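Comments concern the structure below.
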Amino acid sequence: MSRISIIEKDLAGFTNSVIDHKGAAVIKSSKGKNTPMLLQSENDVIQKLGIPSAQYPDVFEILAYVRYAPIWVVSSIGKNALFGGVDILSNNVVPFTIGRNENFTFNAIPTSIVETINTGDGTTTEFTGTLSYFPIVYPQNFKILLDTSEIPLTISETGTITGSYITGSINFTTGAYSLTFATAPGNGVDINCQYIYSADKSSNISHSIMTTSPYKDDLACIVKYISGSQFELQLYRKTQLGYSLIQTYKYSLIQEKDYFGRSLYYMDVFNDDPYVQIKVNTSFVGTYNLNITSQIDFAGGNRGEEPEASDYQACWDYFKYANKYPARLFIDTTGNNAEYIKTIVTQYQTFSFGITIVPLGKTPAQAITYVSELGVSTDKMAIYHNWAKIKDNYNNSFAWVSLIGSVGGKFAQMVDRYLADSPAGINEDGKYGGQLQDWTVVEMENDFTENDLTNYYNAKINPIIFDPVYGVMVYGDQTLSPVWTDTSYIGTRRVYDYILEIVSKQILRKQEFKVNDQMHRLMAKVQIDNFIEPIKQSGWIRDYLVVCDETNNNDIALQNREFIVDLYIQIMPNSQWIKLRLTRVGQTININDLIA
């Protein structure tokens, strides 16, 4: 019989303080979706965004960042972008004649035609009638030709035709047209209309295979019919040397499994596939006799027009949904998206941080003016300046890059230091600092004088410099705080956000709807103490105090059903200014006596 009883109370709880440093960016690239894609390796980047180049320098920034942490990427796509691919018929595989949008239906396939609507007689200038096929889609591609010579014209969204040689109108829905020529077409000259109309192909097409995003086609395939609803897809990439096999897929148009119990259903087989997606025509009832032995090239892919500001904003808006697309760092690769990022980090993902860059082509004086006029005043963001010309080993060429992806990589490396260290200056312990070593830099856009660096400090711009000893390096760690305070510096702002996030989400969240008694107050205090103490012991905090007792949870707090924690933190400042003080000592003076 034991006379000793043991009562164990756990006031510490569990705090998961592992820091996730996902990045987020909206870019322009040769491939990619305009919805968030989580990229975790350089291979992911190349597969889903395409090869970086001088035309698509944003991809260099994503490649630099992904070496250190995963990143959400949205690729902004302009108007009139189209997916390329092939249609699977009962006995053939045919390339798209016209690319398709993501939501196409098989009873409205865009189809191109050149139709002769009349023949000139040398005197008639006005022609009316109705096209044979309608409704018309992609009206911007509508053309009028005399025999094979295209007539210059402009066509509005409502169908009004204007030009120096022709005027008129066309109804895109009914196909009715009215054309007036300034000079009558010659006798025997055919008047042709080249246009794209919507055709019902639901009885002809079994299913379509197309790329996962709209871009210039680089794929080809061989499709073989196996039996029942099962097919084999051999997917190839077109290269200068011919066709290179990427992957072979076995799939079924219905929900069924193979002999090993693996799903053959196309929605499972191609789920999140980086190359292709399949769309099935449920109305197709034909039988198959496919005997294709050579590659069929994908066709119709088009990246569309240059993305506009509204296209970029629509992409950034995805990150307003913090639970679905959480990120620690938002990266502006070009310097044109600072306002969007500010909205996200100050209103939606408030424990995150944003970095932006002064656009290419600014001198130091112009950069200061640019930042002043930008008007982004928040300690949740930092701005950098200087672009670099780098060796582009992907294309055996050169490209100008902002280096902001490499800067973001230095931010990501601070996860080992509670985000409190500064991503600037010479690296400590091999990586903690601001030396940028992702690319071979050939030339920097700007060289800075000492006066420039002083002006940048006062303007809260972080310059990227070339140091003859230490190479390319970030030489500033300021936020865009509107006032001078602790959070004028990146490391301080980020460690505060880290502490606030963990305390609010993982410790105080447990107190919601629980009683405000002595035990719960003590639990909250102990858990916060246990979480913050390692940060203090690592040297990032000088001192702190957690108060959660009856002094702040008084009768008024109880009456208001509040649970109050007061957290006091004294940060450990970093060194912004270094002083070396030389005292010249005479020969008759003992230095030790002088110090004493």
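Only this structure's heavy atoms are used, side chains among them; waters, hydrogens and symmetry mates stay out. In this text, all values refer to a predicted model and were calculated from it rather than measured experimentally.
Ring geometry for Tyr65 against His21 counts as tilted: the plane angle lies between 30° and 60°, on a 0 to 90° scale. Using cut-offs of 30° and 60° for the angle between ring planes, the His385 and Tyr456 rings count as tilted. Relative ring orientation between Tyr325 and Trp72 is described as perpendicular, the plane-to-plane angle rising above 60° on a 0-90° scale split at 30° and 60°.
Glu42 contributes no side-chain N or O that, together with a main-chain N or O of Arg67, makes up a donor-acceptor pair within less than 3.5 Å. Checking side-chain atoms of Asn462 against main-chain N and O of Ala382 turns up no donor-acceptor pair under 3.5 Å. With hydrogens and angles ignored, the 3.5 Å screen pairs no side-chain donor or acceptor of Arg328 with any backbone N or O of Phe353. Of the possible donor and acceptor atoms, one in the side chain of Thr363 sits under 3.5 Å from a partner among the backbone N and O of Gln366. With hydrogens and angles disregarded, a donor-acceptor distance shorter than 3.5 Å links the side chain of Ser402 to the backbone of Thr333. The backbone N or O of Leu360 lies less than 3.5 Å from no partner atom in the side chain of Glu445, so there is not a single donor-acceptor pair. Judged by distance alone, with hydrogens and angles left aside, the side-chain atoms of Thr350 form no donor-acceptor pair with the main-chain N or O of Gln347 at under 3.5 Å. At distances below 3.5 Å, not a single donor-acceptor pair connects side-chain atoms of Asn337 with backbone N or O atoms of Tyr340. Ser372 places no side-chain N or O within 3.5 Å of a backbone atom of Ile368 that could act as its donor or acceptor partner.
Salt-bridge formation is detected for the pair Asp497/Lys380: a Lys NZ or Arg NE/NH1/NH2 atom is positioned less than 4.0 Å from an Asp or Glu carboxylate oxygen. Look at Asp58 and Lys28 and you find no salt bridge, because none of the NZ, NE, NH1 or NH2 atoms lies under 4.0 Å from a carboxylate O.
A side-chain donor from one of Ser406 and Asp438 sits under 3.5 Å from a side-chain acceptor of the other. In this model, no donor atom of one side chain and acceptor atom of the other lie less than 3.5 Å apart for Lys514 and Gln511. For the residue pair Arg303 / Ser75, a side-chain donor-acceptor distance below 3.5 Å is found, with atom types taken as modelled. Side-chain contact check for Ser41 and Asn43: no donor-acceptor pair (N or O, by modelled atom type) lies under 3.5 Å. Asn451 and Thr454 are not linked by any side-chain donor-acceptor pair at a separation below 3.5 angstrom, with hydrogens and angles left out of the test.
Relative to the ring axis of Tyr432, Arg417 places its NZ or CZ within 45° and under 6.0 Å from the centre. Lys460 forms a cation-pi arrangement with Trp484, by the criterion of a distance under 6.0 Å to the ring centre and an angle within 45° of the ring axis. Because its NZ or CZ atom is both nearer than 6.0 Å to the ring centre of Phe104 and within 45° of the ring axis, Lys279 counts as a cation-pi partner of that residue. The cationic group of Arg494 does not satisfy the cation-pi geometry with Trp540, failing either the under 6.0 Å distance to the six-membered ring centre or the 45° limit from the ring axis.
Between the NZ atom in Lys216 and the NZ atom in Lys31 there is a gap of 12.5 Å [rounded to 0.5 Å]. Within the model, atoms CG of Asp332 and CD1 of Ile355 stand 9.0 Å from one another, a figure rounded to the nearest 0.5 Å. The structure places CG of Leu545 at 6.0 Å from NZ of Lys525, a figure rounded to the nearest 0.5 Å. Separating the OH atom in Tyr384 from the CG atom in Asp477 is a distance of 7.5 Å, to the nearest 0.5 Å. A distance of 8.5 Å separates CG of Asp566 from SG of Cys548, quoted to the nearest 0.5 Å. Atom-to-atom distance recorded for Leu403:CG and Phe60:CZ is 11.5 Å, nearest 0.5 angstrom.
The two atoms that bring Ile507 and Ala524 nearest to each other are CG2-O, 4.2 Å, heavy atoms only. Glu61 and Gly405 get closest at one heavy-atom pair: OE1-N, 2.8 Å. Of all the heavy atoms in Trp387 and Pro359, the pair that sits closest is NE1-C, 3.6 Å. The two residues Thr356 and Ile404 come nearest to each other via the heavy atoms O-CD1, 3.6 Å. A pairwise comparison of heavy atoms in Pro214 and Leu82 identifies CB-O, 3.2 Å as the closest pair. In this structure, Asp467 and Tyr470 approach most closely via the heavy-atom pair OD1-N, 2.8 Å.
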- Give the C-alpha distance, both sets of side-chain angles, the deciding distance and a yes or no for side-chain contact (heavy atoms from CB on, under 4.5 Å) between Asn302 and Asn80. CA-CA 8 Å; Asn302 189 322; Asn80 304 319; over 6 Å; no
- Evaluate side-chain contact (heavy atoms from CB on, under 4.5 Å) for Leu63 paired with Tyr394, printing each intermediate quantity in order. CA-CA 12 Å; Leu63 282 166; Tyr394 294 93; 3.5 Å; yes
- Under the side-chain contact (heavy atoms from CB on, under 4.5 Å) criterion, do Tyr249 and Asp273 qualify, and how do the steps go? CA-CA 11 Å; Tyr249 308 80; Asp273 186 81; 3.0 Å; yes
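Taking the centre of each ring, Phe319 and Phe330 come in below the 6.0 Å mark.
A side-chain hydrogen bond (donor to acceptor under 3.5 Å, both in side chains) with Asp379 is found for one member of Thr346, Thr485, Thr487, Thr492 and no other, namely Thr487.
Atom CG of Asp447 sits in a sparse spot, with 12 or fewer heavy atoms from other residues, nucleotides or ligands closer than 6.0 Å.
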